[in-house]
Structures are given as C-alpha cells and as structure tokens.
2 protein chains.
Amino acid sequence: MTVSSKISKRRKTKQSDGSVDYAAKRAEVLRIAAKLFKEQGFQATKLADIAREAGLDRATIYYYTGSKEELFHETVEGVLDACIDAATELHADASLRSIERLHSIFVSLMISYEENYPATFVYIQEQMHQVGSEETAWAQEIMKKTRSFDQMLLGFIRGAMDEGDLRNDVPVRLVENALFGMLNWTHRWFIPGRAMTGRQVAEAFWSIFTNGMAEEAAPARSNRSAARH
Amino acid sequence: MTVSSKISKRRKTKQSDGSVDYAAKRAEVLRIAAKLFKEQGFQATKLADIAREAGLDRATIYYYTGSKEELFHETVEGVLDACIDAATELHADASLRSIERLHSIFVSLMISYEENYPATFVYIQEQMHQVGSEETAWAQEIMKKTRSFDQMLLGFIRGAMDEGDLRNDVPVRLVENALFGMLNWTHRWFIPGRAMTGRQVAEAFWSIFTNGMAEEAAPARSNRSAARH
DNA sequence: CGATCGATCAACACGTGTGTTGACGATCTT
DNA sequence: AAGATCGTCAACACACGTGTTGATCGATCG
C-alpha cells in the first residue's frame, strides 16, 4: 500500500515475482490473519497475534505483507464480487420467475459465505458498507457495488410481489431485512463443517420465509393437537 | 473503575454526591458516548471524538467519568436485564400457550431495543456474549445471563413445537437463529422515529415467521390483487 | 473585594502497536 | 570454499491514544 521505497518492501516486491514456497507461506499468513479478524475483529487483532499464531517474529510478517491493512484488504476484496457474481448469473436468466431467482440467489449467497469462510463473515462484521467517511477509491468502490447489489435484491423481491408469488402487504425493505437478516446473522453462529451445510441452512431459512413456521400454515387447520411429535 | 486515588477522580467523587447540573452534563456525555459507540464501534471511538462532540477538551471528560471503559459499561449495563425482564414476566404466565409467550417476548424485545436505543444495538454490535477471554466478574455475569436468556428462548420454541403451534421439522436452534437473526439484524438498519415503530417491525417479522411470505399461505387465496398496495 | 469553588484546559507521562532497519545464520551457487 | 541470497529476528523510531496533573478563569459568597 505505502508506495514509498523501503528495503523491507523492496525485498517483498522482489519476491512477488517468482518463488513458490514464498507464495505458500504468504497465503498461510493471510489465512491466519483472516481467521483472527473473524474471531476478534480487525481493530482488536494485533500484528503480534498474527505473528505468534504463524510462529514468526512480528517483523517477519512484513516480509510477506506491507501492513495490517493490506492483509485486511486482501481478505475482504473479492468477497463482494463473489456475491455479485452469484447474483448476476441468475439475473440474466429471464425465463425464471423472480421468486425462483430470489431463491437461487439466497441459497447461492449462503453457499458463497460458506466457501469463502471466514472472509465473508469478516466482511459482514466490519460493516463495510458504512465506510462512508473514507474517501479512498477502495471505499467508494465498495459502497457503489453494495448499493448496486442491494438494488438487485430489492428488484427481485418487488418482482416476486408483482408476479404474485410474495405477499405485498409488507414493505419491500422490511421483507429484504427479514430475509437477509436471517442470512447475515449466520456470521454469528455458522461454522462450516458442523451439523449443517450452508445449503441446508439456506433451504431451511427459505422454507420458513416462504411457508412460515405455523403448523397449520397449510389449509388443514382443524387438528392441530394431532400434530407429529 | 481504577480505584487508586487521583485528584481528578477525587473531584469527581466529590461531585458524585450532590449537584444537579453535574449529573445532567454527565448524562449528556454518556449519551454522546453511546451514540458514537453505536456509529463507530467501541474500539474505533476515541475519547477525543467524544470530547469534540461534547464541545469539551479531552481532559474535561475525565471530570465526568473515570475512563472510556466506564462509559461503555454504563452504556451497556442494564441492557441485558431489560431484555430478561421483558422475557421473564411473560414466562411467569403459565396460562398462555408457548407460542403466545414467544410472540410476546419477540415484540417486547424489539420494543426494548427501540426504547434503549442506541444502547442495545451497541450491546449487539460488540458481541458481548463472546467475551469468553475476559475473566472479570462483569464478563462472567454477562455470559451467564446470556446463556440463561438463550435457554429461555429455546424453551419457548420447543414448547411451541410440542404444543403443535410450530412445525417441528426444523432444528430448534435453526428456528431460533432465523427468528432472532431477523430481530438482531435490526441493529444494522433500524432507527427509532423513522417510518416504522419497533412494534410494527416486530409484528411484521412475526407475521413472516409464522405465516410465511408466500401469497397463498393463508386460506384466503383468491383476491390477492385486492390487497393493499 | 478578596476568598472559595466549580468547570475547564494546556501540558505531560506513559503504554502499546506499527513499521523499519541492519545484521546474522542457513542454504544454494559456481 | 567464497559469494550470493533467502528467511529470520533483535532493536529501534515513531505515532497515537489514554489518563493525570497543575494552573487558569469566572462565578458565587462572606
């Protein structure tokens, strides 16, 4: 990031083009950084923590990266693009109903969260959208993409309402916040490789979202005590 | 917090018992601190920010509080108790079905979030539950209460399933995470005094949770286009 | 009107975290 | 075996945020 010329960085740049072991170890450092960002938050994570976890001296970290910020950017960059990619490919297929596209995106998104773990959860945790203060091109780009992604989602929900697949007696924004609240809140509890897969979680949430949890959501309403237990 | 004797604190303590203007200004500082904690997070909020916002010198803040931590504790303390109070009073009324109690708690909780704004949202944001590392009595207490509150909620959900008011084909934990994901995610977008009240949001979420968003979830399926729009 | 007291701030001391430097061993090269 | 190079770290310089002190200024009071 810091462009100025320093010996430590000169070494790094020299490294950048070539070696294999180097790239591997660099990736390892990045992995550890992402893990700690997820566990403790960006600010609370000290470079010393990353170094300790990697079994290196703090100074050595700078052999692999220019700064803590750089590690963070590299963790988070691409996350948004992954989400947008997942969404746009469905968006293109106009043969599907909006509700089906929304469903697809919802599931794809959760799977993307899972695959990019823990990067996406770091992204969510650090509230990347409200970096309004920062004037950096980086921040601007994030905000722009987020807004555009958000509009896409809203579009699907509105579409599904117009097409009669979703109730329209609730404000669109609220529906979005309900659905993606469930989804995004996973960053507080979901861990890949545990009881459920990302897809299973997403499908379960989707079922709740569309059908609701009421036992008698279906026409049959009379015999509730006969319910399976 | 810091018990040691310093003149600055001696003054403060002297102030603690008595004055009226003092208490008012102190409350003002606390209010500003809470607001900034909400906007920027605890770590990112510098005492200088609070001072600037309050139109005071940084040093003067210490005339009203012992430390940044103290401001934080005072912001967050009571939040959990408010939630627990809201929950337990319903818990006592055994004449209600579990599903009704869950509904009541859900709405009460959202209203509590609204009334304690922004304190509760700070609480949620700072992930008070996973302060596992800290050994302070304060942290222990928080964790204990959180766990107990969590168990209470799970109990209601299980109860509602047993009583046949909720589908039981979804893991309890997942149902909890869906419902309280929607609720807790409000800390990212809900602002009191805007379009909707806390109660309205909660009721809308509850409706989605129980009935789902599918247009044909309810018995009445025919006149959908007649719906308010 | 000098004394007291409450609120304020300038200046300081300190701790902690970041990023840089230079050097030291190990391995690889010719 | 002399030299180059790579990964490493001890030590340093620096920035920043916190909390403390002592003094100042104005109001209230005897």
Side-chain angles (χ1 to χ4, degrees), chain A residues 1-30 32-33 36-37 40-74 133, chain B residues 1-30 32-33 36-37 40-74 133:
Chain A
M1 277 296 123
T2 32
V3 194
S4 57
S5 60
K6 282 105 183 193
I7 300 192
S8 139
K9 210 158 293 166
R10 209 168 295 169
R11 288 186 186 170
K12 195 192 77 174
T13 350
K14 202 184 280 183
Q15 244 20 51
S16 278
D17 27 36
S19 184
V20 169
D21 287 353
Y22 182 83
K25 197 141 197 172
R26 183 170 202 287
E28 169 72 0
V29 169
L30 188 60
I32 290 171
L36 293 180
F37 290 156
Q40 321 178 345
F42 172 71
Q43 300 234 29
T45 301
K46 310 305 172 196
L47 231 46
D49 300 335
I50 300 174
R52 191 178 339 103
E53 192 101 354
L56 296 172
D57 187 90
R58 206 171 48 75
T60 308
I61 298 294
Y62 289 96
Y63 183 56
Y64 296 100
T65 188
S67 68
K68 198 174 101 170
E69 282 259 319
E70 188 180 317
L71 287 174
F72 181 71
H73 280 190
E74 243 166 294
S133 51
Chain B
M1 280 293 126
T2 31
V3 194
S4 57
S5 59
K6 282 107 184 191
I7 299 193
S8 138
K9 209 156 295 164
R10 209 168 295 169
R11 287 188 187 167
K12 195 193 75 177
T13 352
K14 201 185 281 183
Q15 242 22 49
S16 278
D17 28 36
S19 185
V20 168
D21 289 351
Y22 181 83
K25 197 141 197 172
R26 184 171 201 287
E28 170 72 0
V29 169
L30 188 59
I32 290 171
L36 292 179
F37 291 155
Q40 322 177 346
F42 172 70
Q43 301 233 31
T45 301
K46 311 304 172 195
L47 231 45
D49 300 335
I50 300 174
R52 192 179 337 105
E53 192 99 354
L56 295 173
D57 186 90
R58 205 170 49 73
T60 309
I61 297 295
Y62 290 95
Y63 183 57
Y64 295 100
T65 187
S67 68
K68 199 175 102 171
E69 281 260 318
E70 188 179 318
L71 288 174
F72 181 70
H73 281 189
E74 243 166 296
S133 52

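The sequence lines fix the lettering, A, B, ..., with proteins before strands; numbering per chain opens at 1.
- Residues satisfying the side chain to side chain contact (heavy atoms under 4.5 Å, CB included) test with A/A51, not counting sequence neighbours, are A/R58, A/I61.
- B/E70 has its CD atom 13 Å from the C1' atom of D/dG19, to the nearest Å.
- Atom CD of B/E28 is separated from atom P of C/dA7 by 15 Å (rounded to the nearest Å).
- In this structure, B/K25 contributes its side chain and B/Y64 its backbone to no donor-acceptor pair below 3.5 Å.
- If you take CZ of B/R52 and P of C/dC9, they are 14 Å apart, rounded to a whole angstrom.
- The CD1 atom of A/I61 sits 14 Å away from the C1' atom of C/dG17 (whole-angstrom rounding).
- Closest of all the heavy-atom pairs between A/F37 and A/L71 is CE1-C, 4.1 Å.
- The distance from atom CZ of B/R26 to atom C1' of C/dG6 is 17 Å, rounded to the nearest whole Å.
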Practice task
Please test A/F42 against A/E69 for side chain to side chain contact (heavy atoms under 4.5 Å, CB included), starting from the C-alpha separation and ending with a verdict.
Solution key: CA-CA 9 Å; A/F42 172 71; A/E69 282 259 319; 4.0 Å; yes
Give each protein N/O atom lying under 3.5 Å from an N/O atom of nucleotides 15-18 of chain D, with the pair distance.
from: D/dT18; atom 1: OP1; to: B/L47; atom 2: N; distance (Å): 3.3
from: D/dT18; atom 1: OP2; to: B/L47; atom 2: N; distance (Å): 3.3

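- For D/dC9, the OP1/OP2 oxygens have a side-chain nitrogen or oxygen of A/T60 closer than 4.0 Å.
- When each of C/dT8, D/dG7, D/dT21 is scored by its nearest atom to the side-chain atoms of B/Y63, the top-ranked nucleotide is C/dT8.
- Note: CG (B/D57) to C1' (C/dT8) measures 8 Å, nearest angstrom.
- In this entry the distance linking CG of B/D21 with P of D/dA27 reads 14 Å, nearest Å.
- The existence of a salt bridge linking B/D49 and B/K46 is excluded, since no basic side-chain nitrogen approaches an acidic carboxylate oxygen closer than 4.0 Å.
- Of all heavy-atom pairs spanning B/D21 and B/S19, the tightest one is N-OG, 3.6 Å.
- Every residue meeting the side-chain hydrogen bond (donor to acceptor under 3.5 Å, both in side chains) condition with B/E28, not counting sequence neighbours, appears here in chain and number order: B/R31.
- With rounding to whole Å, A/D49 atom CG is found 8 Å from C/dG17 atom P.
- At the phosphate of D/dT8, OP1 or OP2 sits under 4.0 Å from a side-chain N or O atom of A/K25.
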